[in-house]
Asker: 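Got a structure here, written out as structure tokens. Questions coming.
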Amino acid sequence: AMLALWILLGLCAFVALLLLLPLHIYLAFTPEAGFSFYARYTFLTIRPGSGPNEKLMEQIFTLLGLRDVSSTANARSAVSAKGVAATLCELGAVLRTLLGRVFWLLHRGTFRRFSLHIAVGAGDPADAALDYGMVCAALYPLLGLLQSAIRFRRPDVAVTCTEEPQTNVEFSAKFSLRAILIVRAFFHLLAENVRNTL
């Protein structure tokens with residue numbers, strides 16, 4: 001009995017340790033390679049497949065309370081049964097909860113790396129200077145807004161003018177978040193879905 005208790009305590013400690021470890025999400029964009037992302041958790045690397053698993057996506061949507069929009073057939077069925085207004089009202093309530101949890105997670109994560117380099121080019125120097133001003137006017141207030149909601153560790157942001165005929169954008173980032181927060185957000189959404197269903 002004592003051995004079983006120690007094994008149970010060891011398993012609990014191991015699960016607690018796993019939940020306290022961070023999940024790292026890597027994002028990148030270059031004109032040559034396009035947009036790419038993957039996640040790393042302990043020794044596991046999770047990359048998006050070539051195509052979405054429709055059955056898995058439908059199950060996730062159902063768990064989150066979004067079954068009515070998990071497929072075209074489900075959307076038509078929901079509209080026929082409940083009407084457009086009721087379906088949209090329910091969907092709006094679920095999306096509010098979902099977005100609330102997403103922002104909650106973003107607020108508790110950290111961009112350990114955030115690199116954004118924009119080389120503004122338009123061929124004509126006058127046009128390039130005008131575009132440069134417009135990019136700066138849009139970008140820096142947006143970054144200020146993001147930094148008020150999400151923690152950044154030494155962001156590297158640079159906007160320059162170039163003689164190239166077109167604008168070039170390069171971006172890379174590493175966002176870290178403890179696994180326990182993701183589990184907590186998921187169970188919160190699950191509980192909300194059950195409460196709304198009942």
Side-chain angles (χ1 to χ4, degrees), residues 12-49 52 56-57 60-61 63-66 69 91-120 131-162 167-196:
C12 289
F14 180 68
V15 170
L17 178 63
L18 284 178
L19 289 174
L20 289 172
L21 291 173
L23 171 77
H24 302 294
I25 300 168
Y26 296 84
L27 309 163
F29 174 83
T30 60
E32 297 81 21
F35 179 75
S36 64
F37 73 96
Y38 65 95
R40 185 169 287 162
Y41 179 65
T42 62
F43 302 110
L44 298 173
T45 299
I46 306 153
R47 295 182 185 274
L56 177 63
M57 291 301 293
I60 292 170
F61 270 60
L63 282 173
L64 296 177
L66 296 169
V69 291
L91 182 61
V94 173
L95 285 176
R96 272 197 302 275
T97 306
L98 182 59
L99 288 174
R101 285 293 103 183
V102 168
F103 285 120
W104 182 84
L105 285 171
L106 288 173
H107 185 63
R108 281 154 181 79
T110 304
F111 272 109
R112 298 189 179 277
R113 185 179 74 246
F114 187 92
S115 175
L116 176 62
H117 295 169
I118 302 175
V120 181
D131 289 349
Y132 172 82
M134 290 173 66
V135 168
C136 289
L139 177 65
Y140 288 110
L142 179 61
L143 281 174
L145 186 65
L146 285 173
Q147 285 179 308
S148 67
I150 308 170
R151 288 190 293 269
F152 284 77
R153 187 171 291 178
R154 296 185 299 277
D156 173 26
V157 179
V159 183
T160 57
C161 263
T162 179
T167 296
N168 184 54
V169 179
E170 291 187 358
F171 169 73
S172 68
K174 175 185 174 184
F175 184 75
S176 299
L177 182 70
R178 290 190 187 279
I180 193 168
L181 296 172
I182 299 170
V183 173
R184 186 174 159 190
F186 179 77
F187 277 107
H188 175 87
L189 290 170
L190 199 59
E192 281 290 313
N193 181 30
V194 170
R195 188 174 65 82
N196 291 335

Asker: Counting C-beta onward and ignoring hydrogens, is there a side-chain heavy-atom pair between L21 and Y41 closer than 4.5 Å?
Answerer: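 Yes, side chains in contact.
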
Asker: Could you measure the distance from the CG atom of L23 to the OG1 atom of T42? Nearest 0.5 Å is fine.
Answerer: 9.5 Å

Asker: Could you tell me whether Y140 atom OH has more than 12 heavy atoms of other residues or ligands within 6.0 Å of it?
Answerer: yes

Asker: Answer yes if the side chains of N168 and H117 hold a donor-acceptor pair under 3.5 Å, and no otherwise.
Answerer: no

Asker: Flag the pair T160 / V120 as yes when at least one side-chain heavy-atom distance between them is below 4.5 Å, and no otherwise.
Answerer: no

Asker: Do the non-hydrogen side-chain atoms of L105 and L177 ever get within less than 4.5 Å of each other?
Answerer: yes

Asker: Which label fits F152 and F114: parallel for a plane angle under 30°, tilted from 30 to 60°, or perpendicular past 60°?
Answerer: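 Answer is perpendicular, since the angle exceeds 60°.
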
Asker: Do Q147 and P155 come within less than 4.5 Å of each other through their side chains, counting heavy atoms only?
Answerer: yes

Asker: At what distance, to the nearest 0.5 angstrom, does CD1 of I180 lie from CG of L17?
Answerer: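 CG of L17 is found 11.5 Å from CD1 of I180.
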
Asker: So, do F29 and V169 sit near enough that their side-chain heavy atoms are less than 4.5 Å apart?
Answerer: yes

Asker: To the closest 0.5 Å, what do you measure between CD1 (I118) and CD (E170)?
Answerer: 11.0 Å

Asker: Can you name the nearest heavy-atom pair linking P141 to C136, along with the distance?
Answerer: CD-O, 3.8 Å

Asker: Does R113, at its CZ atom, have more than 12 non-hydrogen atoms belonging to other residues, nucleotides or ligands within less than 6.0 Å?
Answerer: yes

Asker: If you take all heavy atoms of S176 and H24, which pair is closest and at what distance?
Answerer: OG-ND1, 2.6 Å

Asker: So how far is it from R178 CZ to T110 OG1, rounded to the nearest 0.5 Å?
Answerer: 9.5 Å

Asker: Look at atom OH of Y38 and say whether more than 12 heavy atoms of other residues, nucleotides or ligands are closer to it than 6.0 Å.
Answerer: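 Result for OH/Y38: enclosed.
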
Asker: Looking at residues at least two apart in the chain, or sitting in another chain, which of them share a side-chain hydrogen bond (donor to acceptor under 3.5 Å, both in side chains) with T30?
Answerer: none

Asker: Less than 4.5 Å apart, side chain to side chain, heavy atoms only: is that true for F35 and L27?
Answerer: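 Yes, close enough: below the 4.5 Å cut-off.
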
Asker: Between V135 and T167, is there a side-chain heavy-atom distance shorter than 4.5 Å?
Answerer: no

Asker: Closer than 3.5 angstrom, by distance alone: can the side chain of R151 be matched with the main-chain N or O of R108 as a donor-acceptor pair?
Answerer: yes

Asker: Has R153 got its NZ or CZ under 6.0 Å from the middle of the six-membered ring of F111, at an angle within 45 degrees of the ring axis?
Answerer: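 Not satisfied by the 6.0 Å and 45° rule.
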
Asker: Output the distance between atom OG (S148) and atom CG (L143), rounded to the nearest 0.5 Å.
Answerer: 11.0 Å

Asker: A side-chain contact here means heavy atoms from C-beta on lying under 4.5 Å apart; do D156 and L116 qualify?
Answerer: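 Sidechains of L116 and D156: no contact.
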
